[in-house]
Amino acid sequence: MPSIAEIYASPPIGQLLKVEGWIRTRRTTRTVSFVELQDGSTLKALQLVLSHEKISLDRIEATLHTGASIAVWGILRSTPDRPQPFEIEVEDFILYGEADPTTYPLQKKAHSLEFLREISHLRPRTRTFQAIFRIRSGLSFAIHQYFQERGFVYVHTPILTPSDCEGGGQLFQVTTLALEALPRHPDGRIAYEKDFFGRPAYLTVSGQLEGEMLSMGLGKIYTFGPTFRAEPSHTPRHLAEFWMIEPEMAFYDLDMTMDLAEDFLQFLTKAILQRHREELEFLREHYEEKLIHELEKVAESRFIRLSYTEAIDILNKSGKSFQFPTSWGSDLQAEHERYLVEEYAGQPVIVYNYPKEIKAFYMRQNDDGRTVAAFDVLFPRIGEVIGGSQREERYEQLLRRMEERGMDPFPYQNYLDIRRYGSVPHSGFGLGLERFLLFLTGMTNVRDVIPFFRSAGQMA
Ligand code: 4AD
Ligand code: MG
């Protein structure tokens, strides 16, 4: 039994076929009914023609509603003078599952993305989400392809962790202690030795720390997995559960890593342009007119690199009145990132060498004493897609940095230990899958590029 994609790829004209799918629309005239059938294999629908002589109008009207699932048998006929190249002349059909038109929420008209967010279980029935989830799948494949072809080892880092990689305290705590009756020490502290792991545990905010340990034996590794942040941010760019790709490379310095990040993003953009044309055309037509043009531009032009100090200088001289004023030492806000990318450069920008105070504890300290070898890749429309750095490989410096931050070194013993035995310069970065998908699909909210979103106050 061919899928609709296979029928379009090589139409078996004149043959009797069985096809299964969901009804996108039905239109009934006096003598015939036309049904558009979709099966998820392509965004294209297959036109079915049901003659009322062969199949009674009563039966059609009782069953063939938008959203219902059917199997049909019929002959594939070429239709050179119609908009679609062929159609199925239906002999018979069976109904798998009905869809009551008085309650089924998806009708022929276009629905807003906000409305569709409330029915995430039915979003896969729409072409918009079929296009997005196909691109998400193709992107995941291309990510593995890129690293596998370049000698990187795919590693699985744990989801349950004892430590806060980013030091931002945005952790979901995991416990089997009874919350209404927490065991406590006489001084009031919670008795974590009674908890499942005998110590506090959290959902990971990043696989980087374990990734570094693995790269110190395997050389070049990458992770690709779910990541959790209890950020109470109600923005279109933040999820509580998102997917991150984190390569980590022994013997790489900051420049090599920025080169890798740029090459990686260009490879992925080209792969989507080549392999997902149908989806991109659909999204361009319905959501973002400049989509394909923007992807082509990013695939071809070099990214602009600016040190943080240069970036601040450019922002100060921009003549713009930003909501958050800029001065050396302040973090770049979304409005600053967008100015740098969209107005100043007109293409992706890599900002590097940030003030150490606004970046994570593990980043390598530069000789100037005030910056670290960090970088962010900023993209049009979305801002930061990648954050990365060269890592502090010097034991003493790392320990001092953690002390300065008031961090408890206990959960980081193994992380520190790899600095004591054969430590080497090494670097890596993290790509936020959903952030990058915003760029590739033309969507503007990360909730629309992951099948079931989790964000503060919301679980789809
Ligand atoms: O900049 P971040 O926090 O860096 C890290 O986690 C490092 N450990 C990565 C590394 O060097 N191995 O996060 C990396 C990327 C961001 O640039 C962004 O694209 C994405 O992850 N990201 C989020 N995406 C969706 N929702 C959130 N709440 C995100 N937080 C970060
Ligand atoms: Mg970051």
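Order of listing sets the numbers, starting from 1, for every ligand and every atom in it. Hydrogens, waters and symmetry mates are skipped; everything else that's a heavy atom, side chains included, is used.
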Check: In terms of side-chain heavy atoms, does Glu98 have a donor or acceptor partner in Tyr104 at a distance below 3.5 Å?
Finding: no
Item checked: Under 4.0 Å from ligand 1 - residues by heavy atom, chain and number -> Glu166, Ser206, Gln208, Arg229, Glu231, Arg237, His238, Leu239, Phe242, Met244, Glu246, Tyr362, Glu384, Val385, Ile386, Gly387, Gly388, Arg391, Gly428, Phe429, Gly430, Gly432, Arg435
Next item on the list: Please work out which of the three classes, parallel, tilted or perpendicular, describes the rings of Tyr308 and Tyr354, given edges at 30° and 60°.
Entry: tilted
Margin query: Just by distance, no angles: are the side chains of Glu246 and Ser206 close enough, under 3.5 Å, to form a donor-acceptor pair?
Written below: yes
Notebook entry, point to check: What about Tyr222 and Tyr154, are their ring centers closer than 6.0 Å?
Noted result: yes
Next item on the list: Give the C-alpha distance, both sets of side-chain angles, the deciding distance and a yes or no for ring pair (Phe, Tyr, Trp, His ring centres under 6.0 Å) between Phe439 and Phe379.
Entry: CA-CA 8 Å; Phe439 170 70; Phe379 256 54; 4.8 Å; yes
Margin query: Looking only at side-chain N and O atoms, does Asp195 offer a donor or acceptor that is under 3.5 Å from a partner on Thr175?
Written below: yes
Checklist line | Sub-2.8 Å protein N, O or S atoms surrounding the Mg ion (ligand 2) | finding: Glu384 OE2
Check: Just checking, any donor-acceptor pair under 3.5 angstrom between side chains of Gln170 and Arg229?
Finding: no
Next item on the list: Check whether the side chains of Tyr352 and Asp255 place a donor and an acceptor atom closer than 3.5 Å, and report yes or no.
Entry: no
Check: Would Phe147 and Phe264 count as a close aromatic pair, with their ring centres under 6.0 Å?
Finding: yes
